[in-house]
Every structure is written in structure tokens, then in C-alpha cells.
Amino acid sequence: MTFQSIIDEIDNNLKKILEGFSISNLNFSVEVAKPGFGDVSSNISFLLAKELKKSPKDIAQILSEKYSQCTSTLVLKSEAHPSGYLNFFADWTKLSELILSESYLDTYGDVDIGNNSNIIVEHTSVNPNKALHIGHIRNIVVGDIVSRILSKANYKVNVLNYIDDSGLQVADIIVGFKHLGFSEEPPNGKKFDHYCGDDVYVKTTQKYELDSTLEDVRKNTLKELEDGDSETAAFGDVITRKVLASQLETCWNLNVAYDCLNFESQIIRSGLWTKIFEKLKEMNLIEFENDGKNVGCWVIRGDGKEEDKVIVRSNGTATYIAKDIPYAAWKLGLLADPFYYQKYDSLQPNSKILWQTTLNDIDTVPQNFTAQKVVTVIDSRQERLQKIITTLMEKFNSIPNSYIHLGYESVTLSSETAKTLGLDTDGKQAQMSGRKGLYVSADSVCELLKQKIIEETKKRHPEMNDDEIEKIAQSVSIGTLRYEMIKQDLDKIITFDLAKSLSLEGDTAPYIQYAYARASRILEKSGDTPTINVDFSLLQEKSELELIKIVGLFNLQVRDAANNFSPKVISRYCHDLAVAFNSFYEHVKVLESDNDDLKSSRICLVNSFNLTLEKALGLLGIDAPHRM
RNA sequence: GGACACGUGGCUCAGCUUGGAUAGAGCAAGCGCUUGCGGAGUGCUAGGUCGUCGGUUCAAAUCCGAUCGUGCCCGCCA
């Protein structure tokens, strides 16, 4: 058990005391105390004040006296604070033993929210016509971390990546290759996704403005692309898969893995749309317009003041949002699965098998990637469309909250960084644009960070060989980037500044990783194998108890993060752990103690910290390096 | 015009879901800490009418309403 044990003990005892007053259903809190107010606090006296017609202070006094008669195993004493709070002090010898012992288990921090049920997390879903930029990284990292947290919370998680390989953006690069003379081979060995995005896509888009006859070429290309049997479609398939392969390299480099790739072109050809269209008509969720501005279209009625949304155009073709409806329904298992599954050609770095959908039953293995709960990570600019999908899904399966749109604010460029890309924004931040070529690519940021960290590491370890430095720089650079993408709340815009992103001090991943490296060196130098067979009563320093307390909060934090799909909760927890350790490190010497028993107890604590931090960082997809 | 989100020290953020004690961090600024388990660290100082107004409450950064500012969405584009 963890810190939760003492909270539970107090909660139970207080409930018993309330029974004595014949009071039930009082929703009082029992929570970790603020520093300086004991270990656990309750607001119970405030809630009783009206009923008992006494001041909170007096009630706290009475409760404190009553509490001293309760059976306590982990509570040393309770205290009525003049403010009215009821504060509790832990018997740290017992609590330390509980927390530290449990922290040595592999399952430490596990909570059961999912009850081993299936859940889908969809993220990334970047158009396969360009390289990933810094804005996509936020999506990818948020999705990846949410999936890791949900696994820890006892969900069976499948991660999907939706490949939109049939839209206008794809038609655009095909126009570039087929009609504007762009070579299929990138110059100077440039990565294929960068070549398509920086050169083919941007320049093709520019030419549309100069040559209006290209608009017809573009439309025809799109039409051919959507006809699955055409040569253009086959060519498009080759190109988008090459881009996808390049993009996946970037994702894998970020410590991200998937379970299945879903291709939009296959969803279109599978006939899922026809089925869902019929269902929508049957359930009267869409209506045919006989007059008005949307005459001849099938629409979803707007909610309240919102405009109606066209689902099928007057020419009979489906709109962008329409394509998302069958996909959402498929994810929730509301439609018979039309797909077969085969392994993707390349292996993922974590050696997890990556599947992909196919419509041909050759070399396939049955798989099930549906779930009763689906989390879709998409930019909050798509909130309106996602809300329509959410509402439809609820009407289909009558299960509330089964389709969850996890939105997040966008990443913009600082005016300084925009300027380095040739855009003067007059001091304002700038929205990125793939079409205009205004973006900072994920690969370039990773590389820049890595080079800086290689330098920093060399300074500190002149003797270290290049392989080891490279490995450390990889861990620290990816950690830094991932941490920056999730340390603030999802509803905050991230203004990305190239220069500031290279900072490695303060509230950053390197700060946290550094605490881990320090602890690792202590353990290494001690020469002992850490054990939990130690005298816990010897750990009495304030900084020791504070560290134990925070280690003991791990599962509470995982629960919070999982319930709220909030990666930030874990990043803050990692930071708290590191701060507590650094304070411990400053105040207490582990290896220099004359007392061998005390030394063993402290080594036990240092190892407990390391094990817990490693697991917590693992939830963030950040490595814990022994040296850096 | 309508919808949504955000507004907390000079800057970037936490705390708000579940109202209570002393509003916490980091960066930037200033002054310190190395005969010491790694200074990517650490101690201290300074800096806040929690956008504004009103309401609910014994109690509001937190809940409710209004208002101002900022961002974003509102296509038979994707």
C-alpha cells in the first residue's frame, strides 16, 4: 500500500465518528496536507459547522479528541488547527515501511480504472504528403502518453494512426510529380517526407496561383485518385506509403509506437460509408433538403444556433466529416469489420508488432482493434466536427462518453522563430502552415537539441566514448522535447521558440533526468544491493520523509492522470519527485554516514526513488539515464 | 454576429473538476553555496488588488452572471 493507506484509515475512522453523531452522507475531504500542516488534512469541521451550530475550530477540537480513541495503525496523532482544519500526523516508521516496500514491486503505481477492458487511442493521423512539424509533435506525444497512462490504469490499449491518403493534399503532390516535373527521387538524399513537404507540396501550391489551368489538372487528379483502380491511385499509393515510412521514422525516434495503421482509401473502398449512410437515414439523423441554400444535400441539423452541416453534397459525394463517421463507428465496433490485417513491413524500435488494414485476404491474421471506449486526439480547432461525431455515436450505441475527443490547443511560432523562417509578424506569434512552408520540422528540432546535448555531455565527460554520448544525447533530447509538449495543460497554446527550446535548466526533462543520474551514481558507488530489509525508523530527517511521501503518492497521481486524460499530472509528479530528491541530496549524505544501518536505510530510499521515477518517466516515454 | 477556450509577479505556467489554512514553481534580476554521494544542482532576496464588476456563501483565484481583452472555429475545402 501507499500513502493512500493512511488516507483510507483516517477516512474510515472519521466516518465511524460521524456515526456517533448520527450523521451520514457527509462529503468531507481527506487529502494530502499542504506543507507545514501535518501529513493529512480534512475539511470535515467546516462541513459540520452549520449542523452542529459550533465553530469549525471547536468542532475540530472535539473530533480530534474523539479521534484519539480510534484504533490507529498509521496515524500518530491528530491536531485541531485554529483555522478549523483537522490535521493528522503519520507514524512514519510504519508508513515508510509500507511505501518503500511496495515501491520495489514492478506493479508499483498501478491502479484499476479500466477493469482490463479495451480502449482505443487514436493519434498522429498526419496527412501523408509532408514531414511532421512541431505542432504534430504535440498531438503525437499527448496521444502516446495518454495511451501509456491508460495501460497503467488497467486498460487494454490499442493505438491507431489514421492515414488520410486520399484527399486533396495528396492530389497536390501527385500533380507536382506527374505534371510539374518533380523527380521521384529527392535530391541529395533528402528525407522523402521533407522533400514532398518542403519542395513538391509548397512549390506546386505556389504554381496554382500563377497558372489557373492547373486547377482542372488538380480536380481530375483528385477524381482519379478516388477511383481505386486508376493508375493515379496506384501511383498515389506508392508515394503516400513512402512518405508514411519517413514519418514513422520520426515517430519512432520520439519513442512512439502504434498497433495499427488505418488507411482512409480503404475505408472509402470498403463500402462502410454506404452502410452508415443507410443507418443515418433510417435513424432520421440526417435530412434531405428540398429547398434553401443546401438544396439537394443531406444535412445534419445544427444544434441550437449552429448551422446545418452538409454530409452529402448535391452532386452525391460525401464531405470531409462524412468520411469520419464510418471510421468512428468502426472504432466503436458498431459495424461489421470489412478489413483484413497484415504486418507492416518494418519493425518498430520497441519490437511491438505494427498491423495495417488491407482489403485483400492474402497473408492476413485476424485482429480486433475495436473497443467500447475510443479516445481521439485531435487539435481543438476541430471541436465542432468532433462534437457532431460524438453526438452521432451516442445515438448509435446509447453509451455516454464512449467516443471521446481529446482536444488540445495548437503550437504557434514565436515572432523571433518566425523571423528566422523569413516571416516578419510584427512581434506577434505566427500560426504554422504546411502549404506556405512556414513550419519548424520535428526532425530538425530533434537534431538541433541532440547536437546541443552532445556538446554539453562532452563538456562534463571528456573521457566518454562517442557511442555512449550519442545514446545519452538521444535520451535527453527526446525527453526534453516530449516534456515541453506536455508540461502545460492541453488548453494552453504553446508558443514554440527555437532558442528557448534548447534550455536544459529548471522545469525541464534534463533537470529530472539529472536527479535520476545522481541517485544512480550513489547506488553504483555504494557497492551494495539495495534491500527493503532495513530499519525504517532511522529515516527521520525532514527531507527523507518528504521524499518518501512523494514516492508514496504515485498511484494517486496515476489515477488522477488517467481519469482526466492528463499527461501534465505525471510530468508534474516527476518534477516533484526530482525536487524532493535534490533537497534530500543537499541535506543528507548517504555514503558518508558512519552508521551502516542508517546507510542501508538511505540506500533503500534512494533506490525506491529511482525505481519510482523510472516508472513515472516511463509513462511520459522519457528514458532515465544512469549518466548524463 | 454566433460557439468554444484562455486571462494568476516582467515572462512562461501550476492551483480551479471536489470553495476553506500561508496563492506555488520555473525563467529573467540581485546576493550566496565546490577540502562535499556529479553545480544540467542548491540557499536566500525582491516581485502577485488571481482581467474588471456584481452575485451565492460563515468563507471565492476556485462556483454563478455580466463585462472587457486575446485566441480559435462557424465552407456543397480537407
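Reminder, nothing fancy here: chain letters follow the sequence lines and each chain counts from 1.
Side-chain atoms of A:V310 lie closest to B:C76 of the nucleotides B:G71, B:A40, B:C76. Listed candidates were B:C72, B:G26, B:C76. Nearest to the side chain of A:N294 is B:C76. Comparing B:G15, B:C76, B:G26 by their nearest atom to the side chain of A:C297 picks out B:C76. When distances are taken from the side chain of A:E505 to each of B:G41, B:C73, B:C76, the shortest belongs to B:G41. Closest to the side chain of A:E586, out of B:A40, B:U42, B:A21, is B:U42. You'll find that the side chain of A:D489 is closest to B:G15, out of B:G15, B:G38, B:A40. Across B:G71, B:C37, B:C76, the shortest atom-to-atom separation from the side chain of A:I493 is found for B:G71. Nearest to the side chain of A:D507, among B:G26, B:C76, B:C37, sits B:G26. Counting only heavy atoms from C-beta on, A:E456 has its side chain closest to B:A40 among B:A14, B:A40, B:G20. Counting only heavy atoms from C-beta on, A:N87 has its side chain closest to B:A21 among B:G41, B:A21, B:A78.
Between A:R518 and B:G39, a side-chain N or O to OP1/OP2 separation shorter than 4.0 Å is present. Within the 4.0 Å cut-off from OP1 or OP2 of B:A78, not a single side-chain nitrogen or oxygen of A:Q169 is found. Using a 4.0 Å cut-off, no side-chain N or O of A:Q382 falls inside it from OP1 or OP2 of B:C73. Side-chain N/O atoms of A:Y514 include one lying less than 4.0 angstrom from OP1 or OP2 on B:A40. Distances shown here put a side-chain N or O of A:K568 below 4.0 Å from the OP1 or OP2 atom of B:G15. Listed pair A:R572 / B:G26 fails the phosphate criterion, with no side-chain N or O lying under 4.0 Å from OP1 or OP2. Residue A:K492 places at least one side-chain N or O closer than 4.0 Å to OP1 or OP2 of B:A14. At B:U42, one or more side-chain N or O atoms of A:N582 fall inside 4.0 Å of OP1 or OP2 (strictly under the cut-off). The phosphate of B:G38 (OP1 or OP2) has a side-chain N or O of A:K525 nearer than 4.0 angstrom.
Comparing the same atom, P, in B:G38 and in B:A28 gives a spacing of 25 Å after rounding to whole Å. B:G48 sits 24 Å from B:C16 when the P atoms are compared, rounded to a whole Å. Across B:U52 and B:U62, the matching P atoms stand 11 Å from one another, rounded to whole Å. Separating the P atom of B:G51 from that of B:C6 is a span of 12 Å, rounded to the nearest Å. Distance check on atom C1': B:G47 versus B:C68 gives 26 Å, rounded to whole Å. Between B:U42 and B:G20, the two C1' atoms lie 34 Å apart (nearest whole Å). Nucleotides B:C53 and B:A61 have their P atoms positioned 13 Å apart, rounded to a whole Å. Rounded to whole Å, the separation between the C1' atoms of B:G9 and B:A14 comes to 14 Å.
Nearest-nucleotide mapping onto RNA chain B: of A:V590 and A:R381, the residue sitting toward the 5' end is A:V590. Heavy-atom nearest nucleotides on RNA chain B were determined for A:E307 and for A:S583, and the one closer to the 5' end corresponds to A:S583.
Once the 5.5 Å centre distance and the 30° plane angle are applied, the aromatic ring of A:Y585 is found not to be stacked with the base of B:G41. For A:Y511 and B:G41, the ring-to-base geometry does not satisfy the stacking test (centroid distance below 5.5 Å, interplanar angle below 30°).
For the 3.5 Å distance criterion, the side chains of A:S414 and A:D497 qualify, holding a donor opposite an acceptor. Side-chain atoms of A:N610 and A:S520 form a donor-acceptor pair, as typed in the model, at a separation below 3.5 Å.
Looking at heavy atoms from C-beta onward, A:V32 lies in side-chain contact with A:L553 at the 4.5 angstrom threshold. Two residues are said to be in side-chain contact when any heavy atoms from C-beta on lie closer than 4.5 Å; A:P625 and A:Q513 meet this criterion. The side-chain heavy atoms of A:I388 and A:I300, taken from C-beta on, include a pair separated by under 4.5 Å.
Between A:F277 and A:W273, the ring-plane angle classifies as parallel under the 30° and 60° cut-offs.
Because its NZ or CZ atom is not both nearer than 6.0 Å to the ring centre of A:Y408 and within 45° of the ring axis, A:R138 does not count as a cation-pi partner of that residue.
Atoms CZ (A:R460) and C1' (B:A40) sit 5 Å apart, rounded to a whole Å. For A:Y85 and B:G19, the OH to C1' distance is 9 Å, given to the nearest whole Å. In this entry the distance linking NZ of A:K458 with P of B:A40 reads 18 Å, nearest Å. Distance CG (A:L490) to P (B:C6): 11 Å, rounded to an integer number of Å. If you measure from atom CD1 of A:I472 to atom C1' of B:A40, you get 12 Å, rounded to the nearest angstrom.
Checking B:G9 for Watson-Crick or G-U wobble geometry (two distances, each under 3.5 Å) identifies no partner in any strand. Both distances falling under 3.5 Å, in either a Watson-Crick or a G-U wobble arrangement, occur for no nucleotide opposite B:U22. Searching all strands for a Watson-Crick or G-U wobble partner of B:C77 with both distances below 3.5 Å returns nothing. Across all strands shown, nothing is found opposite B:G38 as a Watson-Crick or G-U wobble partner with both distances under 3.5 Å. Pair assignment for B:C4 gives B:G71, based on Watson-Crick or G-U wobble hydrogen-bonding distances that are each under 3.5 Å. Base pairing annotation: B:C31 forms a Watson-Crick or G-U wobble pair with B:G43, both donor-acceptor distances under 3.5 Å.
Residue contacts for A:S566: at a heavy-atom cut-off of 4.0 Å it reaches no nucleic acid atom on any strand shown. Residue contacts for A:Q431: at a heavy-atom cut-off of 4.0 Å it reaches the sugar-phosphate backbone alone, with no base atom in range. Among the atoms of the strands shown, base atoms are found under 4.0 Å from some heavy atom of A:V295. At a threshold of 4.0 angstrom between heavy atoms, the contacts of A:N27 with the nucleic acid are absent. Residue contacts shown for A:L385 include a base, since a base heavy atom lies under 4.0 Å away. Within the nucleic acid shown, A:V30 has no heavy atom closer than 4.0 Å to any nucleic acid atom. Looking at heavy-atom distances under 4.0 Å, A:S314 makes contact with a base.
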Inset, instruction - Might you work through the salt bridge (charged side-chain N to carboxylate O under 4.0 Å, His left out) test for A:E484 and A:K487, ending with a clear yes or no? - result: CA-CA 6 Å; A:E484 289 311 302; A:K487 76 174 180 186; 3.6 Å; yes
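At a cut-off of 3.5 angstrom, the base of B:A21 holds at least one donor-acceptor pair with the side chain of A:S41. Under 3.5 Å, the side chain of A:H587 and the base of B:G43 form no donor-acceptor pair of N or O atoms. Side chain A:R384 to base B:A3: no donor-acceptor pair is found below 3.5 Å. Applying the 3.5 Å distance criterion, the base of B:C76 shares no donor-acceptor pair with the side chain of A:T319.
Partner A:Y201 forms a side chain to side chain donor-acceptor pair (under 3.5 Å) with one of A:R435, A:Q169, A:K130 and no other, that one being A:R435.
Salt bridge present: A:E456 and A:K459 bring a charged side-chain N and a carboxylate O closer than 4.0 Å.
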